[in-house]
Novice: 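Here's a structure for you.
Given the structure is predicted, the values throughout are model-derived calculations rather than measurements. When reading the values below, keep in mind they use all heavy atoms of this one structure, side chains included, and skip hydrogens, waters and symmetry mates. Numbered from 1 within each chain, the chains take letters A, B, ... in sequence-line order.
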Protein chains: 2
Amino acid sequence: MEQALATNPLVDLPSSREKILDVAEQLFSRRGYAGVGLREVADGVGLGKSSLFHHFRSKDQLYAELLGRVLRRLRNQLRPIVTAELAPAEKLVRWIEALVDALAEQPASARLLVRELVEDGQFQSEELPEAVEATQVLSEILGGIRQLLAEGIEQGVFRQVSIPHTVQTLIGATVYHFASGEFGDGLLGRSLFSAEAVKTRKQELIATLQQGWMA
Amino acid sequence: MEQALATNPLVDLPSSREKILDVAEQLFSRRGYAGVGLREVADGVGLGKSSLFHHFRSKDQLYAELLGRVLRRLRNQLRPIVTAELAPAEKLVRWIEALVDALAEQPASARLLVRELVEDGQFQSEELPEAVEATQVLSEILGGIRQLLAEGIEQGVFRQVSIPHTVQTLIGATVYHFASGEFGDGLLGRSLFSAEAVKTRKQELIATLQQGWMA
DNA sequence: GTCTATACTACGATAGAC
DNA sequence: GTCTATCGTAGTATAGAC
(Lines give C-alpha, C1' and ligand atoms only; values in the text may rest on other atoms or scores of the structure.)
Protein backbone atom coordinates (compact mmCIF):
# COMPACT_ATOMS: atom_id res chain seq x y z
CA MET A 1 0.00 0.00 0.00
CA GLU A 2 1.33 3.34 -0.99
CA GLN A 3 1.68 6.17 1.40
CA ALA A 4 1.45 9.81 0.51
CA LEU A 5 4.84 11.33 1.09
CA ALA A 6 3.55 14.46 2.73
CA THR A 7 1.68 12.53 5.39
CA ASN A 8 4.32 9.94 6.09
CA PRO A 9 5.69 10.66 9.54
CA LEU A 10 8.87 8.73 8.76
CA VAL A 11 9.76 11.14 6.00
CA ASP A 12 9.52 14.25 8.07
CA LEU A 13 8.78 16.80 5.46
CA PRO A 14 9.09 20.18 7.11
CA SER A 15 5.84 22.05 7.46
CA SER A 16 5.59 25.64 6.31
CA ARG A 17 5.65 26.65 9.92
CA GLU A 18 8.99 24.96 10.47
CA LYS A 19 10.42 26.31 7.27
CA ILE A 20 9.47 29.82 8.33
CA LEU A 21 11.14 29.35 11.70
CA ASP A 22 14.30 28.05 10.05
CA VAL A 23 14.57 30.88 7.58
CA ALA A 24 13.73 33.48 10.22
CA GLU A 25 16.37 32.02 12.53
CA GLN A 26 19.09 32.48 9.95
CA LEU A 27 18.04 36.02 9.10
CA PHE A 28 17.35 37.31 12.60
CA SER A 29 20.57 35.84 13.91
CA ARG A 30 22.59 37.64 11.28
CA ARG A 31 20.94 41.03 11.21
CA GLY A 32 18.75 41.25 14.28
CA TYR A 33 15.05 41.66 14.84
CA ALA A 34 14.70 45.18 13.49
CA GLY A 35 17.09 44.50 10.63
CA VAL A 36 14.95 41.85 8.96
CA GLY A 37 11.61 42.41 7.28
CA LEU A 38 8.94 39.78 6.95
CA ARG A 39 9.10 40.12 3.21
CA GLU A 40 12.61 38.73 3.26
CA VAL A 41 11.54 35.87 5.48
CA ALA A 42 8.64 35.08 3.18
CA ASP A 43 10.87 35.17 0.12
CA GLY A 44 13.31 32.80 1.79
CA VAL A 45 10.55 30.31 2.44
CA GLY A 46 8.97 30.81 -0.95
CA LEU A 47 5.71 32.22 0.31
CA GLY A 48 3.92 35.53 0.06
CA LYS A 49 4.39 37.94 2.90
CA SER A 50 0.81 37.66 4.06
CA SER A 51 0.99 33.91 4.38
CA LEU A 52 3.28 34.24 7.38
CA PHE A 53 0.40 35.64 9.38
CA HIS A 54 -1.49 32.41 8.97
CA HIS A 55 1.23 30.69 11.03
CA PHE A 56 2.25 33.45 13.44
CA ARG A 57 0.23 36.21 15.00
CA SER A 58 2.90 38.86 14.62
CA LYS A 59 6.57 39.41 14.00
CA ASP A 60 7.13 39.67 17.75
CA GLN A 61 5.50 36.32 18.32
CA LEU A 62 7.52 34.67 15.57
CA TYR A 63 10.70 35.99 17.13
CA ALA A 64 9.73 34.93 20.63
CA GLU A 65 8.94 31.44 19.43
CA LEU A 66 12.30 31.27 17.71
CA LEU A 67 14.09 32.31 20.85
CA GLY A 68 12.17 29.74 22.86
CA ARG A 69 13.18 27.00 20.46
CA VAL A 70 16.85 27.89 20.82
CA LEU A 71 16.71 28.19 24.60
CA ARG A 72 14.78 24.96 25.13
CA ARG A 73 17.32 23.09 23.07
CA LEU A 74 20.14 24.49 25.14
CA ARG A 75 18.39 23.72 28.40
CA ASN A 76 17.65 20.18 27.34
CA GLN A 77 21.29 19.55 26.54
CA LEU A 78 22.63 21.17 29.70
CA ARG A 79 20.14 20.08 32.33
CA PRO A 80 21.23 16.43 32.62
CA ILE A 81 24.76 17.55 33.37
CA VAL A 82 23.79 19.79 36.26
CA THR A 83 21.69 17.10 37.89
CA ALA A 84 24.22 14.29 37.30
CA GLU A 85 26.09 12.82 40.22
CA LEU A 86 29.60 13.91 39.43
CA ALA A 87 32.33 15.86 41.12
CA PRO A 88 31.91 19.63 40.49
CA ALA A 89 35.15 19.94 38.53
CA GLU A 90 34.10 17.15 36.22
CA LYS A 91 30.62 18.61 35.92
CA LEU A 92 31.98 22.00 34.95
CA VAL A 93 34.12 20.52 32.20
CA ARG A 94 31.18 18.57 30.81
CA TRP A 95 28.90 21.56 31.08
CA ILE A 96 31.31 23.72 29.09
CA GLU A 97 31.77 20.98 26.50
CA ALA A 98 28.04 20.49 26.15
CA LEU A 99 27.44 24.22 25.79
CA VAL A 100 30.13 24.55 23.14
CA ASP A 101 28.74 21.54 21.29
CA ALA A 102 25.21 22.90 21.42
CA LEU A 103 26.25 26.33 20.16
CA ALA A 104 28.46 24.84 17.46
CA GLU A 105 25.76 22.49 16.20
CA GLN A 106 23.39 25.30 15.37
CA PRO A 107 25.35 28.35 14.36
CA ALA A 108 22.41 30.73 14.59
CA SER A 109 21.90 30.10 18.30
CA ALA A 110 24.78 32.06 19.74
CA ARG A 111 23.98 35.16 17.75
CA LEU A 112 20.34 35.12 18.70
CA LEU A 113 21.31 34.74 22.33
CA VAL A 114 23.88 37.52 22.33
CA ARG A 115 21.40 39.86 20.72
CA GLU A 116 18.83 39.01 23.32
CA LEU A 117 21.26 39.57 26.19
CA VAL A 118 22.58 42.84 24.79
CA GLU A 119 19.25 44.24 23.69
CA ASP A 120 17.36 46.10 26.39
CA GLY A 121 14.32 44.04 27.26
CA GLN A 122 11.95 44.42 24.40
CA PHE A 123 10.75 40.87 24.51
CA GLN A 124 11.02 39.70 28.09
CA SER A 125 8.71 42.51 29.13
CA GLU A 126 6.19 41.61 26.47
CA GLU A 127 2.85 40.16 27.29
CA LEU A 128 3.47 37.38 24.81
CA PRO A 129 3.28 34.00 26.52
CA GLU A 130 6.03 32.77 24.21
CA ALA A 131 8.38 35.47 25.51
CA VAL A 132 7.54 34.70 29.11
CA GLU A 133 8.31 31.04 28.56
CA ALA A 134 11.61 31.84 26.88
CA THR A 135 12.62 33.96 29.84
CA GLN A 136 11.82 31.10 32.19
CA VAL A 137 13.93 28.68 30.19
CA LEU A 138 16.84 31.11 30.30
CA SER A 139 16.43 31.33 34.06
CA GLU A 140 16.56 27.56 34.30
CA ILE A 141 19.83 27.45 32.42
CA LEU A 142 21.32 30.17 34.58
CA GLY A 143 20.10 28.48 37.73
CA GLY A 144 21.87 25.32 36.66
CA ILE A 145 25.28 26.82 36.14
CA ARG A 146 24.99 28.93 39.28
CA GLN A 147 24.21 25.84 41.30
CA LEU A 148 27.10 23.99 39.73
CA LEU A 149 29.51 26.76 40.64
CA ALA A 150 28.10 27.05 44.15
CA GLU A 151 28.61 23.33 44.73
CA GLY A 152 32.22 23.54 43.66
CA ILE A 153 32.92 26.52 45.88
CA GLU A 154 31.18 24.91 48.85
CA GLN A 155 33.21 21.76 48.46
CA GLY A 156 36.38 23.78 48.24
CA VAL A 157 37.41 22.59 44.79
CA PHE A 158 36.82 25.99 43.21
CA ARG A 159 38.27 29.09 44.76
CA GLN A 160 35.81 31.67 46.02
CA VAL A 161 34.97 33.31 42.71
CA SER A 162 32.06 35.67 42.31
CA ILE A 163 29.34 33.49 40.85
CA PRO A 164 27.64 36.20 38.76
CA HIS A 165 30.94 37.40 37.33
CA THR A 166 31.95 33.86 36.57
CA VAL A 167 28.69 33.23 34.77
CA GLN A 168 29.30 36.35 32.71
CA THR A 169 32.82 35.20 31.86
CA LEU A 170 31.45 31.84 30.78
CA ILE A 171 28.80 33.40 28.58
CA GLY A 172 31.33 35.72 27.04
CA ALA A 173 33.78 32.93 26.39
CA THR A 174 31.22 30.66 24.75
CA VAL A 175 28.16 32.50 23.48
CA TYR A 176 29.99 35.62 22.39
CA HIS A 177 32.69 33.54 20.72
CA PHE A 178 30.28 31.63 18.52
CA ALA A 179 28.31 34.77 17.81
CA SER A 180 31.28 36.65 16.44
CA GLY A 181 30.68 35.66 12.84
CA GLU A 182 32.95 37.08 10.21
CA PHE A 183 35.04 38.83 12.81
CA GLY A 184 35.73 35.59 14.64
CA ASP A 185 36.37 33.75 11.38
CA GLY A 186 38.92 36.37 10.43
CA LEU A 187 40.63 36.23 13.79
CA LEU A 188 40.90 32.46 13.75
CA GLY A 189 41.75 32.23 10.08
CA ARG A 190 39.04 29.63 9.61
CA SER A 191 35.35 29.11 10.30
CA LEU A 192 34.40 29.33 13.96
CA PHE A 193 32.30 26.25 13.33
CA SER A 194 34.91 24.04 11.70
CA ALA A 195 35.55 20.83 13.61
CA GLU A 196 39.07 21.92 14.45
CA ALA A 197 38.10 25.37 15.67
CA VAL A 198 35.39 23.89 17.90
CA LYS A 199 37.79 21.36 19.35
CA THR A 200 40.45 23.98 19.99
CA ARG A 201 37.88 26.26 21.59
CA LYS A 202 36.93 23.54 24.07
CA GLN A 203 40.55 22.79 24.95
CA GLU A 204 41.51 26.41 25.43
CA LEU A 205 38.45 27.20 27.48
CA ILE A 206 38.74 24.23 29.75
CA ALA A 207 42.44 24.68 30.29
CA THR A 208 42.10 28.37 31.09
CA LEU A 209 38.99 28.25 33.18
CA GLN A 210 39.82 25.13 35.09
CA GLN A 211 43.24 26.47 36.00
CA GLY A 212 41.76 29.85 36.76
CA TRP A 213 39.00 28.61 39.02
CA MET A 214 40.47 25.65 40.81
CA ALA A 215 41.30 26.22 44.44
CA MET B 1 24.50 57.09 31.91
CA GLU B 2 24.84 60.72 30.95
CA GLN B 3 27.46 61.74 28.53
CA ALA B 4 29.89 64.30 29.85
CA LEU B 5 29.22 67.59 28.21
CA ALA B 6 31.72 70.32 27.57
CA THR B 7 33.53 71.54 30.65
CA ASN B 8 32.40 75.12 30.49
CA PRO B 9 29.14 75.78 28.67
CA LEU B 10 29.91 79.48 28.40
CA VAL B 11 33.06 78.88 26.45
CA ASP B 12 32.57 75.46 24.98
CA LEU B 13 28.96 74.98 24.02
CA PRO B 14 28.51 71.62 22.34
CA SER B 15 27.75 71.91 18.68
CA SER B 16 24.65 70.36 17.16
CA ARG B 17 26.94 67.87 15.54
CA GLU B 18 28.26 66.69 18.89
CA LYS B 19 24.80 66.59 20.41
CA ILE B 20 23.60 64.41 17.54
CA LEU B 21 26.50 62.03 18.00
CA ASP B 22 25.84 61.77 21.72
CA VAL B 23 22.15 61.07 21.34
CA ALA B 24 22.72 58.63 18.50
CA GLU B 25 25.33 56.80 20.56
CA GLN B 26 22.88 56.18 23.36
CA LEU B 27 20.12 55.04 21.03
CA PHE B 28 22.17 52.88 18.66
CA SER B 29 23.95 51.21 21.54
CA ARG B 30 20.68 50.19 23.10
CA ARG B 31 18.66 49.13 20.10
CA GLY B 32 21.07 48.75 17.22
CA TYR B 33 21.44 50.44 13.89
CA ALA B 34 18.26 49.15 12.29
CA GLY B 35 16.28 49.55 15.49
CA VAL B 36 16.63 53.32 15.68
CA GLY B 37 15.10 55.80 13.27
CA LEU B 38 16.55 59.22 12.56
CA ARG B 39 13.35 60.77 13.73
CA GLU B 40 14.04 59.52 17.24
CA VAL B 41 17.59 60.83 17.11
CA ALA B 42 16.37 64.22 15.94
CA ASP B 43 13.75 64.35 18.69
CA GLY B 44 16.40 63.53 21.27
CA VAL B 45 18.54 66.42 20.12
CA GLY B 46 15.60 68.74 19.71
CA LEU B 47 15.89 69.16 15.97
CA GLY B 48 13.79 68.30 12.98
CA LYS B 49 14.67 65.09 11.16
CA SER B 50 15.88 66.91 8.06
CA SER B 51 18.36 68.96 10.02
CA LEU B 52 20.43 65.87 10.68
CA PHE B 53 21.33 65.71 7.02
CA HIS B 54 23.02 69.06 7.26
CA HIS B 55 25.57 67.48 9.63
CA PHE B 56 25.81 63.96 8.25
CA ARG B 57 25.51 62.66 4.74
CA SER B 58 23.48 59.58 5.66
CA LYS B 59 22.50 57.34 8.53
CA ASP B 60 25.32 54.98 7.59
CA GLN B 61 27.86 57.75 7.80
CA LEU B 62 26.56 58.94 11.15
CA TYR B 63 26.87 55.43 12.50
CA ALA B 64 30.34 54.91 11.09
CA GLU B 65 31.53 58.15 12.62
CA LEU B 66 30.10 57.09 15.97
CA LEU B 67 31.91 53.79 15.81
CA GLY B 68 35.14 55.51 14.89
CA ARG B 69 34.85 57.81 17.88
CA VAL B 70 34.43 54.87 20.23
CA LEU B 71 37.25 52.85 18.70
CA ARG B 72 39.73 55.73 18.61
CA ARG B 73 39.10 56.38 22.26
CA LEU B 74 39.78 52.76 23.10
CA ARG B 75 42.91 52.65 20.98
CA ASN B 76 44.26 55.82 22.55
CA GLN B 77 43.84 54.40 26.02
CA LEU B 78 45.30 51.00 25.20
CA ARG B 79 48.17 51.86 22.89
CA PRO B 80 50.59 53.28 25.48
CA ILE B 81 50.32 50.07 27.47
CA VAL B 82 51.30 47.83 24.60
CA THR B 83 54.32 49.92 23.72
CA ALA B 84 55.44 50.42 27.33
CA GLU B 85 58.55 48.71 28.57
CA LEU B 86 57.12 46.31 31.07
CA ALA B 87 57.14 42.60 31.70
CA PRO B 88 54.40 40.86 29.68
CA ALA B 89 52.50 39.70 32.76
CA GLU B 90 52.39 43.23 34.12
CA LYS B 91 51.43 44.57 30.72
CA LEU B 92 48.54 42.16 30.42
CA VAL B 93 47.16 43.15 33.80
CA ARG B 94 47.37 46.83 32.95
CA TRP B 95 45.87 46.25 29.52
CA ILE B 96 42.87 44.49 31.03
CA GLU B 97 42.46 47.18 33.65
CA ALA B 98 42.64 49.91 31.04
CA LEU B 99 40.13 48.17 28.82
CA VAL B 100 37.70 47.68 31.69
CA ASP B 101 38.11 51.31 32.73
CA ALA B 102 37.56 52.54 29.20
CA LEU B 103 34.43 50.45 28.72
CA ALA B 104 33.09 51.38 32.14
CA GLU B 105 33.63 55.10 31.61
CA GLN B 106 31.40 55.24 28.58
CA PRO B 107 28.63 52.68 28.93
CA ALA B 108 27.51 52.88 25.32
CA SER B 109 30.86 51.71 23.99
CA ALA B 110 30.68 48.02 24.80
CA ARG B 111 27.25 47.61 23.27
CA LEU B 112 28.21 49.35 20.08
CA LEU B 113 31.27 47.16 19.82
CA VAL B 114 29.47 43.90 20.46
CA ARG B 115 26.88 44.77 17.85
CA GLU B 116 29.60 45.55 15.37
CA LEU B 117 31.42 42.28 16.04
CA VAL B 118 28.27 40.17 15.91
CA GLU B 119 26.70 41.88 12.93
CA ASP B 120 27.83 40.54 9.60
CA GLY B 121 29.95 43.20 7.95
CA GLN B 122 27.55 45.82 6.81
CA PHE B 123 29.86 48.69 7.60
CA GLN B 124 33.40 47.46 7.18
CA SER B 125 32.62 46.57 3.57
CA GLU B 126 31.15 49.97 2.93
CA GLU B 127 32.81 52.48 0.73
CA LEU B 128 32.49 55.08 3.46
CA PRO B 129 35.90 56.42 4.43
CA GLU B 130 34.67 56.69 8.03
CA ALA B 131 33.98 52.96 8.08
CA VAL B 132 37.34 52.12 6.59
CA GLU B 133 39.09 54.17 9.23
CA ALA B 134 37.11 52.53 12.03
CA THR B 135 38.13 49.11 10.76
CA GLN B 136 41.77 50.19 10.77
CA VAL B 137 41.54 51.40 14.34
CA LEU B 138 40.02 48.10 15.38
CA SER B 139 42.88 46.31 13.68
CA GLU B 140 45.36 48.41 15.60
CA ILE B 141 43.79 47.46 18.90
CA LEU B 142 43.78 43.79 17.98
CA GLY B 143 47.36 43.97 16.79
CA GLY B 144 48.35 45.39 20.14
CA ILE B 145 46.87 42.65 22.28
CA ARG B 146 48.10 39.95 19.92
CA GLN B 147 51.61 41.31 20.16
CA LEU B 148 51.35 41.49 23.92
CA LEU B 149 50.29 37.86 24.14
CA ALA B 150 52.95 36.77 21.66
CA GLU B 151 55.65 38.45 23.74
CA GLY B 152 54.54 36.68 26.87
CA ILE B 153 54.45 33.30 25.17
CA GLU B 154 57.84 33.85 23.59
CA GLN B 155 59.38 34.74 26.91
CA GLY B 156 57.82 31.68 28.48
CA VAL B 157 55.78 33.54 31.08
CA PHE B 158 52.46 32.61 29.45
CA ARG B 159 51.75 29.05 28.53
CA GLN B 160 51.29 28.32 24.84
CA VAL B 161 47.73 29.47 24.47
CA SER B 162 46.11 30.00 21.09
CA ILE B 163 46.39 33.72 20.54
CA PRO B 164 43.16 34.14 18.53
CA HIS B 165 41.15 32.13 21.03
CA THR B 166 42.66 34.07 23.88
CA VAL B 167 41.75 37.35 22.22
CA GLN B 168 38.20 36.09 21.83
CA THR B 169 38.05 35.10 25.49
CA LEU B 170 39.31 38.55 26.48
CA ILE B 171 36.72 40.30 24.34
CA GLY B 172 33.98 38.10 25.69
CA ALA B 173 35.04 38.68 29.26
CA THR B 174 35.22 42.44 28.93
CA VAL B 175 33.24 43.81 26.00
CA TYR B 176 30.39 41.34 26.26
CA HIS B 177 30.21 41.84 30.01
CA PHE B 178 29.74 45.58 29.80
CA ALA B 179 27.36 45.19 26.90
CA SER B 180 24.99 42.92 28.77
CA GLY B 181 22.77 45.72 30.01
CA GLU B 182 19.70 44.78 31.98
CA PHE B 183 20.62 41.13 31.88
CA GLY B 184 24.01 41.80 33.46
CA ASP B 185 22.51 44.17 35.99
CA GLY B 186 20.04 41.50 37.02
CA LEU B 187 22.72 38.85 37.30
CA LEU B 188 24.97 41.02 39.45
CA GLY B 189 22.15 42.50 41.47
CA ARG B 190 23.49 45.99 40.77
CA SER B 191 24.50 48.18 37.88
CA LEU B 192 27.33 46.78 35.78
CA PHE B 193 28.79 50.27 35.88
CA SER B 194 28.71 50.88 39.62
CA ALA B 195 32.15 51.48 41.09
CA GLU B 196 32.00 48.27 43.05
CA ALA B 197 30.92 46.12 40.12
CA VAL B 198 33.71 47.54 37.97
CA LYS B 199 36.29 46.92 40.67
CA THR B 200 35.09 43.38 41.23
CA ARG B 201 35.09 42.72 37.52
CA LYS B 202 38.74 43.70 37.29
CA GLN B 203 39.74 41.55 40.22
CA GLU B 204 37.88 38.49 39.00
CA LEU B 205 39.17 38.83 35.48
CA ILE B 206 42.76 39.33 36.42
CA ALA B 207 42.75 36.54 38.94
CA THR B 208 41.15 34.06 36.55
CA LEU B 209 43.02 34.96 33.43
CA GLN B 210 46.40 35.45 35.01
CA GLN B 211 46.16 32.09 36.74
CA GLY B 212 44.78 30.49 33.61
CA TRP B 213 47.45 31.79 31.26
CA MET B 214 50.59 31.81 33.31
CA ALA B 215 53.07 29.11 32.43
C1' DG C 1 -3.14 27.51 3.27
C1' DT C 2 -1.83 30.69 -0.06
C1' DC C 3 -2.87 34.41 -2.80
C1' DT C 4 -3.87 39.63 -4.27
C1' DA C 5 -5.07 43.90 -2.73
C1' DT C 6 -4.85 47.28 0.48
C1' DA C 7 -4.52 50.22 4.87
C1' DC C 8 -1.65 52.76 7.49
C1' DT C 9 2.62 54.06 9.34
C1' DA C 10 7.45 54.86 9.32
C1' DC C 11 11.65 55.03 7.00
C1' DG C 12 15.84 57.59 4.67
C1' DA C 13 16.60 61.31 1.93
C1' DT C 14 15.89 65.75 -0.96
C1' DA C 15 14.20 70.54 -2.22
C1' DG C 16 13.70 74.91 -1.14
C1' DA C 17 11.89 78.78 1.98
C1' DC C 18 13.59 81.44 5.72
C1' DG D 1 21.48 75.97 10.29
C1' DT D 2 16.80 74.81 10.81
C1' DC D 3 12.42 74.49 9.08
C1' DT D 4 8.12 72.49 6.24
C1' DA D 5 6.77 69.77 2.60
C1' DT D 6 7.34 65.96 -0.10
C1' DC D 7 9.15 61.80 -2.61
C1' DG D 8 9.58 56.93 -3.04
C1' DT D 9 10.03 52.81 -0.62
C1' DA D 10 9.27 49.41 2.73
C1' DG D 11 7.47 48.24 7.11
C1' DT D 12 3.56 45.31 9.83
C1' DA D 13 -0.79 43.78 9.51
C1' DT D 14 -5.75 42.83 7.74
C1' DA D 15 -9.59 41.47 4.44
C1' DG D 16 -11.29 38.47 1.47
C1' DA D 17 -11.04 35.60 -2.97
C1' DC D 18 -9.72 31.00 -4.26
Novice: Please work out if B:Val36 contacts a base, only the sugar-phosphate, or nothing of the nucleic acid, heavy-atom cut-off 4.0 Å.
Specialist: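 Result for B:Val36 = sugar-phosphate.
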Novice: Answer with base, sugar-phosphate or nothing: what part of the nucleic acid does B:Val41 contact at a heavy-atom distance below 4.0 Å?
Specialist: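 Result for B:Val41 = nothing.
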Novice: Side chains of B:Thr166 and B:Trp213: do they bring a donor and an acceptor to under 3.5 Å?
Specialist: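 No.
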Novice: Using whole Å, what does the distance between atom C1' of nucleotide D:dA13 and atom NE2 of A:His55 come to?
Specialist: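 After rounding, the reported distance stands at 16 Å.
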Novice: Nearest whole Å is fine: how far is C:dT14 C1' from B:Arg57 CZ?
Specialist: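 After rounding, the gap between these two atoms is 16 Å.
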Novice: Sub-3.5 Å donor-acceptor pair from the side chain of B:Glu204 to the main-chain atoms of A:Val161, do we have one?
Specialist: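 Not a single qualifying donor-acceptor pair exists.
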Novice: Going by distance alone, is a donor N or O of one side chain under 3.5 Å from an acceptor N or O of the other, for A:Ser180 and B:Gln168?
Specialist: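 A:Ser180 vs B:Gln168: donor-acceptor pair found between side chains.
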Novice: Please name all residues satisfying side chain to side chain contact (heavy atoms under 4.5 Å, CB included) with B:Asp185, sequence neighbours left out, ordered by chain then number.
Specialist: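 If we apply the side chain to side chain contact (heavy atoms under 4.5 Å, CB included) test to B:Asp185, skipping adjacent residues, the hits are B:Ser191, B:Leu192.
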Novice: Check whether any side-chain N or O of B:His54 sits under 4.0 Å from OP1 or OP2 of D:dT2, and answer yes or no.
Specialist: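 Result: no.
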Novice: Would A:Glu97 and A:Lys199 count as a salt bridge (Lys or Arg N to Asp or Glu O under 4.0 Å) if you check the C-alpha gap in whole Å, the side-chain angles of each, and the deciding distance to 0.1 Å?
Specialist: CA-CA 9 Å; A:Glu97 286 177 339; A:Lys199 192 181 159 197; over 6 Å; no
Novice: To the nearest angstrom, how far is B:Phe53 atom CZ from D:dC7 atom C1'?
Specialist: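 Rounded to whole Å, this separation is 13 Å.
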Novice: Taking only side-chain nitrogens and oxygens of B:Ser51, does any of them come within less than 4.0 Å of OP1 or OP2 of D:dC3?
Specialist: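 Indeed, a polar side-chain atom of B:Ser51 lies that close.
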Novice: Any protein N or O atoms within reach of nucleotides 5-9 of chain C? Criterion: under 3.5 Å, listing atom names and distances.
Specialist:
| unit_1 | atom_1 | unit_2 | atom_2 | d |
| --- | --- | --- | --- | --- |
| C:dA5 | N6 | A:Ser50 | OG | 2.8 |

Novice: Choose from D:dC3, C:dT2, C:dG12 the nucleotide whose nearest atom is closest to any side-chain atom of B:Leu47.
Specialist: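 Nearest to the side chain of B:Leu47 among the choices is D:dC3.
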Novice: Over how many whole Å does the gap from B:Lys19 atom NZ to D:dG1 atom P extend?
Specialist: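 In whole Å, D:dG1 P lies 12 Å from B:Lys19 NZ.
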Novice: Round to the nearest Å and state the distance from A:Asp43 atom CG to D:dT12 atom P.
Specialist: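 So the CG-P distance, A:Asp43 to D:dT12, works out to 12 Å.
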Novice: Could you state the CZ-C1' distance from B:Arg31 to C:dA10, rounded to the nearest angstrom?
Specialist: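 For the pair B:Arg31 CZ and C:dA10 C1', the rounded distance is 14 Å.
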Novice: For the pair A:Asp101 and A:Lys202, find out whether any cationic side-chain nitrogen is under 4.0 Å from an anionic carboxylate oxygen.
Specialist: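 Salt bridge between A:Asp101 and A:Lys202, a charged N being under 4.0 Å from a carboxylate O: yes.
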Novice: Whole Å only: how far is the OH atom of A:Tyr33 from the C1' atom of D:dG11?
Specialist: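 Interatomic distance, OH of A:Tyr33 to C1' of D:dG11: 11 Å.
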Novice: Quick one: B:Arg39 CZ to C:dT14 P, roughly how many Å, whole number?
Specialist: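 In whole Å, C:dT14 P lies 20 Å from B:Arg39 CZ.
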Novice: Distance alone, cut at 3.5 Å: any donor-acceptor contact between the side chains of A:Arg201 and B:Thr169?
Specialist: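 On atom types as modelled, these side chains qualify, holding a pair under 3.5 Å.
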